[in-house]
There are 2 protein chains.
Amino acid sequence: MAGLKQVQRQTGVALWRQIADRIREAIGNGAYDETGMVPPETVLALQFGVNRHTVRSALAALAQEGIVRAVQGRGTLIERKERLNFPITRRTRFTAGIGDQAREMRSLLLDEVKEEASSEIARWLGLKPGATVIRLETLREADKRPVSKATSWFPAERFAGIGEAYRKHQSITKAFAELGLADYVRATTEVTAAHADTADLADLELTPGAILLIAKAMNTDLDGVPVQYSISRFAADRVQFTIEN
Amino acid sequence: MAGLKQVQRQTGVALWRQIADRIREAIGNGAYDETGMVPPETVLALQFGVNRHTVRSALAALAQEGIVRAVQGRGTLIERKERLNFPITRRTRFTAGIGDQAREMRSLLLDEVKEEASSEIARWLGLKPGATVIRLETLREADKRPVSKATSWFPAERFAGIGEAYRKHQSITKAFAELGLADYVRATTEVTAAHADTADLADLELTPGAILLIAKAMNTDLDGVPVQYSISRFAADRVQFTIEN
DNA sequence: TATGGTTGTCTATATCAATAGACATTTTAA
DNA sequence: TTAAAATGTCTATTGATATAGACAACCATA
């Protein structure tokens, strides 16, 4: 079921990077759990059909990420292995959803801007194009490891001061509560995937070629009035989404 | 909002491939819609900060995919541009969901196998480990373009002959109906993203480095009894998922 | 029809990626 | 203590990747 590991040449993606990605994925899927170690370099080289030096380049990249640690004479130990589950339901909330899977949650407000809504944002929030909206750029971490970077838009009139409230509580739910919105629900979520650009690479501490899961979400109050539209970019090798119907 | 195009060196991913991926994405997002053309090679080279020859390698790769076509003296024309929307709800069905977005739908049964359920499959289907299940490998196309490749498991006792029924109707829904299951619902969906392996590259007509959206789904009958567990791999640049709550 | 803008082709050079082989160093276990 | 198994380091060679420059071929249009 896991699928044979294979690798292609002359594709613009170096073999060592393809192999590093496969091994990272295998670790995340729980292969190698019995030993807690990656197979020996010579075995991996045979499995992937490449030279041992090429495997070493891949393992060096994973060591750089802190995922494995090579010990001379013993082997290559797995250091970290995680994939957070992120449920998407009517009651989706980042902090509550991840809360029990990580010891420490953190949310950083990177930027707060008041701007005119683009036609797309206006459509999602049910506003006239050009209406004023507040845009927040946030970075969310679990156990000091960045999980997602999000851009959120709010109607400026109704939620003036949401940046300050968010900075204080480090939670959208609590920020809404402070501004008089006791409850809200997830109306729609669109999920796509893409390669990370350089800005996301830096903020999410990813290596180039990394994949993002992108969730575009619209939240409404209990009367169905849009209160938030957001685009969240998740490190694909650290999360999975669960949709329960 | 689209983000500046940027590109990184010495990452194991060739510059021409990074640039090809960025341009493909930009085309999918509707940039360049006004002209129907990609900017001139010299302009792209300047934007990405690379040599013109490197841009030409990227455009050659996109031409190979049939996405653009270069015309000497005029420029590089955009040939194809699509992203199918795939709703995920309690009533998710592939054919009905995509039906109105493409002219021609097709479903191929690649393989049918009777096997023992692994512990994971047994858990999802509510069976004892080692129980007999039927596994179907299917490829789904929209307008002759492969969209997803799926592996599905069914309880063998209840759905004997589902392979034959699927081959006849080219639809899970109709195959279920023929076997006496008039209706079913989507219970859970897990979404992840990963790089495509070589088997998927070939079947989905992708280029190496391509991204897959992976949906692991469990369907039940109206009494909540599992009837199907499936792992579908979608070409990420051809689809998006929509979750309506 | 002349010109500017665009893609196509060629040569040359430097660096990265991958293979190959040999041997050192460290750990584990016989 | 010894041998086997594993990672670490070094040299050498080949092909892919990227840059640089020059010029040809083609198209649209002033």
Side-chain angles (χ1 to χ4, degrees), chain A residues 5-23 27 32 34-79 207-209, chain B residues 5-23 27 32 34-64 66-79 198 207-209:
Chain A
K5 292 163 195 166
Q6 265 180 314
V7 120
Q8 290 206 343
R9 285 153 203 268
Q10 301 180 15
T11 63
V13 183
L15 293 179
W16 63 264
R17 173 142 293 287
Q18 296 183 52
I19 292 169
D21 292 340
R22 292 279 144 75
I23 295 176
I27 291 174
Y32 316 145
E34 297 177 8
T35 59
M37 299 174 65
V38 166
E41 294 169 352
T42 50
V43 173
L44 288 172
L46 207 65
Q47 281 182 5
F48 287 110
V50 300
N51 191 276
R52 178 179 156 233
H53 293 294
T54 308
V55 169
R56 280 179 63 74
S57 298
L59 291 176
L62 294 177
Q64 186 65 30
E65 295 177 40
I67 292 177
V68 300
R69 179 169 52 92
V71 178
Q72 192 173 48
R74 289 182 60 193
T76 302
L77 284 59
I78 295 170
E79 289 279 279
T207 51
Chain B
K5 291 162 194 167
Q6 263 180 313
V7 119
Q8 292 208 343
R9 286 154 202 268
Q10 300 180 13
T11 63
V13 183
L15 293 179
W16 64 264
R17 173 142 294 287
Q18 297 183 52
I19 292 170
D21 292 340
R22 293 280 142 74
I23 295 176
I27 291 175
Y32 317 145
E34 298 177 9
T35 59
M37 300 174 67
V38 166
E41 294 168 353
T42 50
V43 174
L44 288 172
L46 207 66
Q47 282 183 5
F48 287 110
V50 301
N51 191 276
R52 178 179 156 233
H53 293 294
T54 308
V55 170
R56 281 179 62 74
S57 298
L59 291 175
L62 294 177
Q64 186 65 30
I67 291 176
V68 301
R69 178 169 52 93
V71 178
Q72 192 173 55
R74 288 183 60 194
T76 303
L77 284 60
I78 295 169
E79 290 278 280
T198 39
T207 51

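Letters A, B, ... mirror the listed sequences (proteins, then strands); counts begin at 1.
Proximity of residues 60-76 of chain A to DNA chain D (heavy atom under 4.0 angstrom from any strand atom) is restricted to A:Ala70, A:Val71, A:Gln72, A:Gly73, A:Arg74, A:Gly75, A:Thr76.
Look at CG on A:Leu44: it is 12 Å from C1' on D:dA6, rounded to the nearest Å. The distance between atom CG of B:Leu59 and atom P of C:dT6, rounded to the nearest whole Å, is 14 Å. Here D:dA22 presents its P atom at 18 Å from CD of B:Glu41, a figure rounded to the nearest Å. At whole-Å resolution of the value, CH2 in A:Trp16 and P in D:dA16 are 19 Å apart. The CZ-C1' distance, from B:Arg56 to C:dC10, rounds to 11 Å in whole Å. B:Leu46 has its CG atom 16 Å from the C1' atom of C:dT6, to the nearest Å. If you take CZ of A:Arg17 and C1' of D:dT17, they are 16 Å apart, rounded to a whole angstrom. A straight line from CZ of B:Phe48 to C1' of D:dA18 spans 16 Å, rounded to a whole angstrom.
Qualifying side chain to side chain donor-acceptor pair (under 3.5 Å) partners for A:Glu79, counting only residues two or more places apart in sequence or in other chains: A:Arg69. With sequence neighbours excluded, no residue satisfies salt bridge (Lys or Arg N to Asp or Glu O under 4.0 Å) with B:Arg74. For B:Leu46, there are no side chain to side chain contact (heavy atoms under 4.5 Å, CB included) partners two or more places apart in sequence or in a different chain.
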Nucleotide N/O to protein N/O under 3.5 Å, stretch nucleotides 19-22 of chain C:
| residue | atom | partner | partner atom | Å |
| --- | --- | --- | --- | --- |
| C:dT19 | OP1 | A:Arg9 | NH1 | 3.2 |
| C:dT19 | OP1 | A:Arg9 | NH2 | 3.1 |
| C:dT19 | OP2 | A:Asn51 | N | 3.0 |
| C:dT19 | OP2 | A:Thr54 | OG1 | 2.2 |
| C:dA20 | N6 | A:His53 | NE2 | 3.3 |
| C:dG21 | O6 | A:His53 | NE2 | 2.4 |

Can you give the donor-acceptor pairs under 3.5 Å from side chains of residues 48-55 of chain A to other protein atoms, not counting sequence neighbours?
| residue | atom | partner | partner atom | Å |
| --- | --- | --- | --- | --- |
| A:Asn51 | OD1 | A:His53 | N | 2.9 |
| A:Arg52 | NE | A:Glu41 | OE1 | 2.8 |
| A:Arg52 | NH2 | A:Glu41 | OE1 | 3.1 |

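Residues A:Leu59 and A:Val38 are in side-chain contact: their nearest non-hydrogen atoms beyond the backbone lie under 4.5 Å apart.
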